[in-house]
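What follows is a short report on a single structure.
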Amino acid sequence: MSPAHPDSTDLDRLHAAVKREKADQAPENAPAPMWATFLLMIVAVIAGAQLGGGNLGGLKFSVNNPFPAPTPGDDIRPGGGGGADALDPFALAMKKGAGGYAVCGGCHQGNGAGIPGQFPPLAGSEWVTGGTERLIRVVQHGLVGAITVKGQGYNTPGGMQPFGAAMSSQDLANVLTYIRNSWGNEGTMITKEMVQKVRDEEKRASQWTEADLKPFADKNVPGDIPAGPGVTAAAAPAAK
Ligand code: HEC
């Protein structure tokens with residue numbers, strides 16, 4: 001018996017060759033050819049550009065950009081960009097109060113002049129620039145019956161509804177600061193702490209009357225008032 005081939009008896013080398021051989025690859029497990037992969041990538045880029053609303057030439061994705069650049073002045077975080085640091089507490093309250101005033105403007109009008117014989121004016125009203133104790137109570141619980149504003153009598157059936165349940169202390173404070181400092185009015189800021197104090201003090205289910213509120217006409221809710229028109233943070237505010 002002669003050896004068929006010098007290698008055929010070398011078991012180690014034979015096995016090593018078998019080990020190097022890869023297992024047969026089933027056709028369905030074969031990796032996709034490179035050209036197919038590239039084709040898919042190109043299709044994906046085109047589709048992405050279409051969905052993004054951009055044009056393919058420049059690949060612009062600005063149209064449906066869900067993260068638009070902030071509008072200057074919108075960002076109210078301290079130190080947040082957009083020149084927002086410029087908004088001090090008073091300016092911020094005025095800005096938000098102007099928006100909140102929409103719920104009042106239907107009756108008292110956008111210019112605060114009211115409607116003669118029906119809705120009393122807020123512009124130039126002693127109820128608005130007077131004691132903050134009275135003003136907060138009026139808006140918190142509502143007001144009914146005959147009242148006098150700027151020398152004119154009003155007695156609208158139903159009076160004014162309470163807004164305390166519908167608006168947060170912060171929202172009320174902003175709106176009241178706004179009406180005290182619009183249309184020529186000048187008054188101190190009203191803070192949410194001041195509104196909250198009246199809220200905690202007065203648990204009242206019915207609307208106020210003018211007579212009920214007499215004792216509060218010239219009283220101000222004590223509290224820290226940030227500097228604003230006619231007041232510095234240090235000065236104790238006086239009723240106007
Ligand atoms: C549906 C109409 C209506 C809306 C809305 C309304 N008010 Fe009035 N308001 C009245 C009426 C009517 C009176 C007078 C009540 C009376 O005759 O007793 C009044 C009186 C007042 C007064 C006292 C009198 C004066 O003119 O200064 C103030 C202050 C006031 N409202 C503020 C507000 C504020 C702030 C809002 C918004 C949060 C508001 N009102 C929303 C109808 C309304």
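In each ligand, atom 1 is the first atom listed, and ligand 1 is the first ligand listed.
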| request: Check each atom of ligand 1 against the heavy atoms of V128 and keep those under 4.0 Å away; list them by number with element. | output: 27 (O), 29 (C)
| query | In terms of atom number and element, which parts of ligand 1 are under 4.0 angstrom from non-hydrogen atoms of V144? | reply | 18 (O)
| task | Write out the residue and atom name of the closest protein heavy atom to atom 27 (O) of ligand 1, then the distance separating them to 0.1 Å. | result | S125 OG, 2.6 Å
| atom 5 (C) of ligand 1 [closest protein heavy-atom partner, distance rounded to 0.1 Å] | V103 O, 3.2 Å
Gap between atom [atom2] of [Y] and atom [atom1] of [X] - 0.5 Å precision:
| X | Y | atom1 | atom2 | answer |
| --- | --- | --- | --- | --- |
| L176 | K192 | CG | NZ | 15.0 Å |
| W127 | L143 | CH2 | CG | 5.0 Å |
| L122 | T129 | CG | OG1 | 10.5 Å |
| Q170 | L172 | CD | CG | 10.0 Å |
| R180 | E186 | CZ | CD | 11.0 Å |
| I179 | H108 | CD1 | NE2 | 8.0 Å |

| query | Are W183 and Y101 close enough that their ring centers fall under 6.0 Å? | reply | yes
| If two hydrophobic side chains count as joined below 4.5 Å and joins carry through other members, does W208 share a cluster with I147? | yes
| field | Expected output: side-chain N220 to main-chain T132 donor-acceptor under 3.5 Å | value | yes
| message | Using heavy-atom distances only, which candidate in G142, G145, G159 approaches atom 18 (O) of ligand 1 most closely? | response | G145
| query | What part of P121, side chain from CB on, backbone N/CA/C/O, both or neither, has a heavy atom under 4.0 Å from ligand 1? | reply | backbone
| said: Can you tell me which portion of L135 lies within the under-4.0 Å heavy-atom range of ligand 1? Options are side chain, backbone, both, or neither. | reply: side chain
| field | atom 8 (Fe) of ligand 1: protein N, O or S atoms that are less than 2.8 Å away, sorted by chain | value | H108 NE2, M160 SD
| Side-chain ion pair, K197 and E201, N-O less than 4.0 Å | yes
| query | Heavy-atom contact under 4.0 Å between G106 and ligand 1? | reply | no
